[in-house]
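First the structure, in the form of structure tokens, and then the observations on it.
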Amino acid sequence: MRVSRFFLPTLKEAPAEAELTSHRLMLRAGLIRKLGSGLYTWLPLGLRVLRKVEAIVRDEMNRAGAVELFMPAVQPAELWQETGRWAVFGPQMLKIRDRHERDFCFGPTHEEVVTDIARREIRSWRQLPLNLYQIQTKFRDEIRPRFGVMRAREFVMKDAYSFHASFEDLQREYRNMFDAYSRVFTRLGLDFRAVAADTGAIGGTGSHEFHVIADSGEDALAFCPTSDYAANVELAEAVAPPTPRPAPSQPMTQVPTPGRTTCESVCELLGLPLVQSVKALAVIGTPPADGAAGAGAAPMFLLLLRGDHSLNEIKAAKLPGLAGFRFATEAEIVATLGCVPGYLGPVGVPASVTVIADRSAAALADFVCGANVAGFHLTGVNFGRDLPEPAQVADLRNVVAGDPSPDGRGVLQIARGIEVGHVFQLRSKYAQAMGATFLDDAGQQQPLEMGCYGIGVSRIVAAAIEQHHDAKGIVFPPAMAPFAVALAAIGYRKSDAVRDAADALHDALEARGVEVLLDDRDERPGVMFADLELTGIPWRITLGDRGLKAGSVEVQHRRDAAPTAVALGEIEAWISARLAA
RNA sequence: CGGGGUGUAGCGCAGUCCGGUAGCGCGCCUGGUUUGGGACCAGGAUGUCGGAGGUUCGAAUCCUCUCACCCCGACCA
């Protein structure tokens, strides 16, 4: 390929809206352009990268025994109503209506469609197991699309769905997919980590996420360097403190703390350590069902956390009565507790309020908390003496660096990651909802066991750049580089010697199957170098009159500090050997 | 959905407070000189100032509405 015939719109400056490095570089290098919020065109150079990722994903899926198919992007509402997800998925799903006023959605995922295929076609255990996958455009109407293709609304996903006659076989395939994913990300040259994960909206039992490690990642990961424990912070268990709660040693005292509405500021005022404080979060739990006792009333809960800890909403929502909880409004707080937010505490709350303490908060003695009187806090507070023991003690908080690993084999660290893959054991959730059954070897009708496995193909490109770049631009891992070699022909339009040598090398490399981009523009060297470096092509061969007079060219890897001179007659073999290595 | 911000040439921005008929850098076009790290000189093209309405002799600028985009939040009281 020649730059003069390619489409390589590079930018010196990125549009102002792009703030993340990978987003800026993808725009500047001419990989993508924005059409609208969360909507991106993949330009030719970017598409080549996307195709590289797809090819590796496809190769490893095929190798793992999965079979590719292609399902419609537009899906009828009826399927989603069968599983109840037409309502559950909410505004994240783009709903559309055809000319007959029938409801459809642009598929955000394909469990319903693939389960529909399975229930129509799979009848016998002899047809199992089966793993079907596709690489396709999805649409999810994200609350806040951002970071370019990292969190776009329209994106490319590989989604696979497996069907099994038994849970044991599902677990085998789950492991098989886990291994295939590890091979994919290894081949792509990414620093990644698999972590235990929450199953979220997709549902099911076991689940792991694959994250590309990057400081800009939106997820926090907890891992233990001295064991193999790794989990998304959403899921990571905060174990109870090893030492029992000390005996009370101070009297409970009400102290004025005007204007001090955070644990930090209260502790600062009182000269106490933050770990000695308790914050109380007022939330409204699941309303009783219509017709049940107390229907319509919003049950308030007070969640207690140590001052230095943060609430894990996913954990909290799993507690009885807290499914789908929300934070109480200021009006609700004042009505129930008689105090404005900022001075809330568990002492003397009405019996209608259920107090749930995090394990670490429950282990405190002589702690500081709000007095439920505006402008005052309490010190020296003790459970069992100044207030009842909490109605429930639970794991409510996010783990922090230094917490003990839940497997008891070390101490947790926190890293940030970009989620690029997710594997789930769905079990029979969708099969039962949609009546997807098979006859087992005893002639019994059974619901299919299912697994599902996703890879964010387009997100991988952004994640890889986030992890592989320098001050000059992208540094693509070889497996996903749009071209393997760039030829910078200095004076291509002026020098017969340069043109002949560049054309010959270009043609020879292409004949060998090497993906080569010849910069044959009438540009000054600095412009060519800057553009070629920006695009992240791993190797650059520079041909100019200066070198050719001595019979040599210069070759430089994108990570090399300086070029290497190689004889013109040997460069083809030289670079081929490097690429094969 | 709440809060904040920004919309002016392809990109980055100034001009808006204080109304007088639009500018800078890069890019683009033409010619010339250059040619191993984003060249130089000369000439040139490009804007319904996001949109609609209003105020005014006159609106990028003031007012109203609206759209788009970005950031933060929607959890720690």
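Just so it is clear: chains get the letters A, B, ... in the order the sequence lines come, proteins before strands, and each one is counted from 1. In what follows, every heavy atom counts, from backbone to side chain, and hydrogens, waters and symmetry copies are set aside.
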- prompt: Should S37(A) be listed as having a side-chain N or O under 4.0 Å from OP1 or OP2 of rC70(B)?
  reply: yes
task: Whole angstrom is fine here: how far is it from CZ in F327(A) over to C1' in rC75(B)?
output: 4 Å
- prompt: Which part of the nucleic acid, if any, lies within contact of D531(A), taking any heavy atom under 4.0 Å across all strands shown: a base, the sugar-phosphate backbone alone, or nothing?
  reply: base
Any strand: nucleotide that pairs with rA45(B) via Watson-Crick or wobble, under 3.5 Å: none
base_contact_polar (rG38(B) base, R521(A) side chain, donor-acceptor, <3.5 Å): no
query: Can you name the residues that form a salt bridge (Lys or Arg N to Asp or Glu O under 4.0 Å) with D470(A), not counting sequence neighbours?
result: R558(A)
query: Touch check for L344(A), heavy atoms < 4.0 angstrom, all strands: base, sugar-phosphate only, or nothing?
result: nothing
query: Atom NZ of K549(A) to atom P of rU35(B): distance rounded to whole Å?
result: 11 Å
- request: Could you check whether G547(A) gets within reach of a base, just the sugar-phosphate, or nothing at all, counting any heavy atom under 4.0 Å?
  value: base
- request: Ignoring hydrogens and angles, state whether a donor on the side chain of Y492(A) or D503(A) is under 3.5 Å from an acceptor on the partner side chain.
  value: yes
- prompt: Is a salt bridge present between R5(A) and D520(A), judged by a nitrogen-to-oxygen distance below 4.0 Å?
  reply: no
query: Quick one: which of rG37(B), rG38(B), rC71(B) gets closest to the side chain of R146(A)?
result: rC71(B)
message: Nearest whole Å is fine: how far is rG38(B) P from I490(A) CD1?
response: 12 Å
message: Given rG12(B), rC69(B), rG37(B), identify the nucleotide with an atom nearest to the side chain of K34(A).
response: rC69(B)
message: Among rC69(B), rC11(B), rG37(B), which nucleotide has an atom closest to any side-chain atom of K472(A)?
response: rG37(B)
message: Work out how far the C1' atom of rU21(B) is from that of rC49(B), and round it to whole angstrom.
response: 12 Å
task: Answer with base, sugar-phosphate or nothing: what part of the nucleic acid does P525(A) contact at a heavy-atom distance below 4.0 Å?
output: sugar-phosphate
task: Write down the distance separating the C1' atoms in rU30(B) and rC67(B), rounded off to the nearest Å.
output: 40 Å
- request: Determine the Euclidean distance between corresponding C1' atoms of rG38(B) and rA45(B); express it in Å to zero decimal places.
  value: 23 Å
message: Give the residues of residues 496-508 of chain A touching RNA chain B, defined as any heavy atom closer than 4.0 Å, sorted by residue number.
response: none
message: Would you measure the distance from the C1' atom in rU56(B) across to the matching atom in rU64(B) and give it in whole Å?
response: 16 Å
- prompt: Do L25(A) and L534(A) have side chains that get closer than 4.5 Å, going by heavy atoms?
  reply: yes
Just distance, no hydrogens or angles: give the donor-acceptor pairs under 3.5 Å from side chains in residues 270-280 of chain A, sequence neighbours left out.
{"residue": "Q276(A)", "atom": "NE2", "partner": "A365(A)", "partner atom": "O", "Å": "2.6"}
{"residue": "Q276(A)", "atom": "NE2", "partner": "D366(A)", "partner atom": "O", "Å": "3.3"}
{"residue": "S277(A)", "atom": "OG", "partner": "L274(A)", "partner atom": "O", "Å": "2.7"}
{"residue": "K279(A)", "atom": "NZ", "partner": "H309(A)", "partner atom": "O", "Å": "2.8"}

task: Classify the nucleic acid contact of A16(A) as base, sugar-phosphate or nothing, counting any heavy atom under 4.0 Å across all strands shown.
output: sugar-phosphate
- prompt: Rounded to the nearest Å, what distance is computed from the CG atom of residue L322(A) to the P atom of nucleotide rC75(B)?
  reply: 14 Å
- request: Would you check if there is a donor-acceptor pair between the side chains of H469(A) and E466(A) at a distance under 3.5 Å?
  value: no
query: Got a salt bridge between D522(A) and K494(A), using NZ or NE/NH1/NH2 to carboxylate O under 4.0 Å?
result: yes
query: What string of B, S and - do you get for nucleotides 26-32 of chain B, 5' to 3', if B is base contact, S is sugar-phosphate-only contact and - is no contact with any protein heavy atom under 4.0 Å?
result: S------
field: R397(A) versus S360(A), side-chain donor and acceptor atoms under 3.5 Å
entry: yes
Can you tabulate the close N/O pairs, meaning under 3.5 Å, that link protein atoms to atoms of nucleotides 1-7 of chain B?
none

Ring-face cation contact, W86(A) with K95(A), 6.0 Å cut, 45° max: yes
- request: Tell me what R306(A) touches on the nucleic acid: a base, only sugar-phosphate, or nothing, going by heavy atoms under 4.0 Å.
  value: nothing
field: Integer angstrom distance from the P of rU46(B) to that of rG7(B)
entry: 24 Å
- prompt: Given atom CZ of R524(A) and atom P of rU35(B), what is their separation to the nearest angstrom?
  reply: 8 Å
query: Across the strands shown, which category fits G544(A) at heavy-atom distances under 4.0 angstrom: base, sugar-phosphate, nothing?
result: base
- request: Compute both the distance and the angle, then confirm whether R540(A) meets the cation-pi test with F529(A): under 6.0 Å from the six-membered ring centre, within 45 degrees of the axis.
  value: yes
task: Answer whether the closest heavy-atom distance between the side chains of H377(A) and Y343(A) falls below 4.5 Å.
output: yes
task: List in chain and number order the residues that pass salt bridge (Lys or Arg N to Asp or Glu O under 4.0 Å) with R48(A), two or more places apart in sequence or in another chain; answer none if no residue qualifies.
output: E515(A)
- prompt: With respect to the side chain of K494(A), which nucleotide from rC71(B), rU35(B), rC11(B) is positioned closest?
  reply: rU35(B)
Side-chain heavy atoms of C339(A) within contact of L344(A), under 4.5 Å: yes
- request: Please state how far atom CD in E17(A) lies from atom C1' in rC13(B), giving the value in whole angstrom units.
  value: 15 Å
- prompt: A488(A) near the nucleic acid: base, sugar-phosphate alone, or nothing, with a heavy-atom cut-off under 4.0 Å?
  reply: nothing
task: Send over the distance from R151(A) CZ to rC69(B) C1', rounded to a whole Å.
output: 18 Å
message: Any base atoms under 4.0 Å from L11(A), or only sugar-phosphate, or nothing? Heavy atoms, all strands.
response: nothing
task: Assign A18(A) to base, sugar-phosphate, or nothing according to its heavy-atom contacts below 4.0 angstrom with the strands shown.
output: nothing
query: Do D141(A) and Q92(A) have side-chain N/O donor and acceptor atoms under 3.5 Å apart?
result: no
- prompt: Out of rC75(B), rC76(B), rG12(B), which nucleotide sits closest to the side chain of P15(A)?
  reply: rG12(B)
- prompt: On a plain distance test, is the side chain of R540(A) in donor-acceptor contact with the base of rG37(B) below 3.5 Å?
  reply: yes
- request: Take atom CG of L302(A) and atom C1' of rC76(B), then tell me their distance rounded to the nearest Å.
  value: 12 Å
task: Pick out which of R416(A), R151(A), R144(A) makes a salt bridge (charged side-chain N to carboxylate O under 4.0 Å, His left out) with E218(A).
output: R151(A)
